[in-house]
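First the structure, in the form of structure tokens, and then the observations on it.
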Amino acid sequence: MRIDQVIAGASSGDAVTNLTLMLRDTLRTVVESDVFAGAADEDVRHEVKGLDALASSGDGPVIYHCSIGCPPALDALARARRPIILVYHNITPAEFFEGWDPSLAALTRRGREELRLLRPFVMGTIADSSFNADELLELGYRDVEVIPPIMNIDRLVELPGDATTDVRLADEGGPLFVFVGQLLPHKQVHQLIEAAHVLATYRDWHPRVAIIGAGRHQGYTESLRRLARHCNLENVRFVGKAPDAVLASYLRAADVFVTLTGHEGFCLPVVEAMRFGTPVLARAVGALPETVGNAGLLLAPSDGPVVAAEAMWELADRDRLRHELITRGHRHSRQFEPDRVLTRHVAAIEAML
């Protein structure tokens with residue numbers, strides 16, 4: 001018997017790619033299993049197969065990881081005529097991209113249409129948050145299992161870090177606020193920069209802000225850099241896509257992890273920050289209330305940069321609050337430990353079969 005997986009694209013450091021490879025290795029202990037991808041970066045190409053090979057790979061169910069529209073993946077699934085288990089990682093609403101990238105907006109709209117098209121052919125469904133499950137239920141899916149994504153949440157904590165980065169961060173001194181994620185409009189990184197501007201202007205306080213993540217949209221990334229220059233914020237650093245060792249150094253040195261995103265289906269970096277003992281400041285949108293739980297400080301969806309700036313000030317200044325959130329974060333993050341989550345995924349798949 002085979003149980004294969006399909007993803008739109010594979011890239012190193014991508015959460016969906018990482019979880020499919022971890023699940024594949026577990027499945028291989030009992031069945032044959034491969035990952036098929038519509039596209040793949042050079043450094044992970046040896047780990048996946050092309051979608052064209054799916055139809056001739058055999059029978060058995062296919063686990064389809066859905067996070068964006070991917071017509072080639074749907075074509076491959078149709079040709080394979082194999083039972084489908086859907087794992088839904090959320091599709092960002094198109095309105096976040098309308099003014100920036102109409103083609104990406106169209107692809108996200110296509111993804112939601114694909115969810116409707118797939119429904120009659122899906123034998124079982126897993127969503128990695130209750131927020132995502134509710135979206136599927138609204139589309140007519142039934143009996144959606146809610147299981148967190150499979151992730152090695154200790155992979156960064158166990159790294160020694162990057163020596164050069166460690167020295168530089170120690171020499172600079174001062175509070176350090178860190179954001180980790182793709183630089184896309186829905187992440188609303190511009191509001192973090194605006195919050196830093198509020199602190200500099202009205203508090204005369206100039207903390208360091210590290211923005212870590214790949215610039216997935218050139219126009220939005222350049223707008224962030226222009227905003228930082230316009231606000232004369234010399235302490236804002238655009239790190240880009242960082243190697244794991246560098247990322248570990250930043251998370252270990254961070255005083256606060258900040259995400260002011262406008263939409264989120266889970267948010268893995270929040271869990272990684274908790275494992276490092278870094279207090280979390282987030283906006284209560286999408287799945288973030290359940291991902292963060294009581295282990296972080298949550299802003300209301302309508303709270304803007306001014307409120308965020310005050311929260312950043314409080315978190316950096318109040319030791320008792322920081323200690324409480326660190327303790328809660330360590331405790332809350334245990335539910336996402338990979339062995340526990342893998343067991344739940346395998347049990348759910350077995351029950352669906």
With distance as the sole test, does [X] use its side chain to make a donor-acceptor pair with the main-chain N or O of [Y] at under 3.5 Å?
X    : Y    : value
T26  : M22  : yes
H217 : W100 : yes
R112 : I91  : yes

Contact summary for A248 and L156, nearest pair of heavy atoms:
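What the structure gives for the nearest pair is CB-O, 3.6 Å.
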If I compare all heavy atoms of H65 with all of I7, which pair ends up nearest, and what's the gap?
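Nearest heavy atoms, H65 then I7: CB-CG2, 3.7 Å.
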Would you say the side chain of [Y] lies within less than 4.5 Å of the side chain of [X], judging by non-hydrogen atoms?
X    : Y    : result
L353 : M123 : yes
L288 : T261 : yes
I126 : I63  : no
D255 : R322 : yes
L77  : R82  : no

side-chain hydrogen bond (donor to acceptor under 3.5 Å, both in side chains) contacts in which one or both residues fall within residues 340-349, not counting sequence neighbours:
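Found none.
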Scan residues 157-173 for pairs that pass side-chain hydrogen bond (donor to acceptor under 3.5 Å, both in side chains), counting only residues two or more places apart or in two chains.
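Those involving residues 157-173 are D162-T165, D166-S249, R168-Y250, E172-R208, E172-R237.
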Walk me through whether N235 and V209 qualify under side chain to side chain contact (heavy atoms under 4.5 Å, CB included).
CA-CA 6 Å; N235 287 342; V209 176; over 6 Å; no
Let me confirm one number: the CZ-CD1 distance from R226 to I193, rounded to the nearest 0.5 Å.
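The distance works out to 11.0 Å.
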To the nearest 0.5 angstrom, please state how far the NE2 atom of H263 sits from the CZ atom of F131.
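It comes to 4.5 Å.
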Would the F121 and Y64 ring centres measure less than 6.0 Å apart?
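Judged by ring-centre distance (under 6.0 Å), F121 and Y64 do not meet the cut-off.
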Are T17 and D14 close enough that a side-chain donor and a side-chain acceptor fall under 3.5 Å?
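T17 vs D14: donor-acceptor pair found between side chains.
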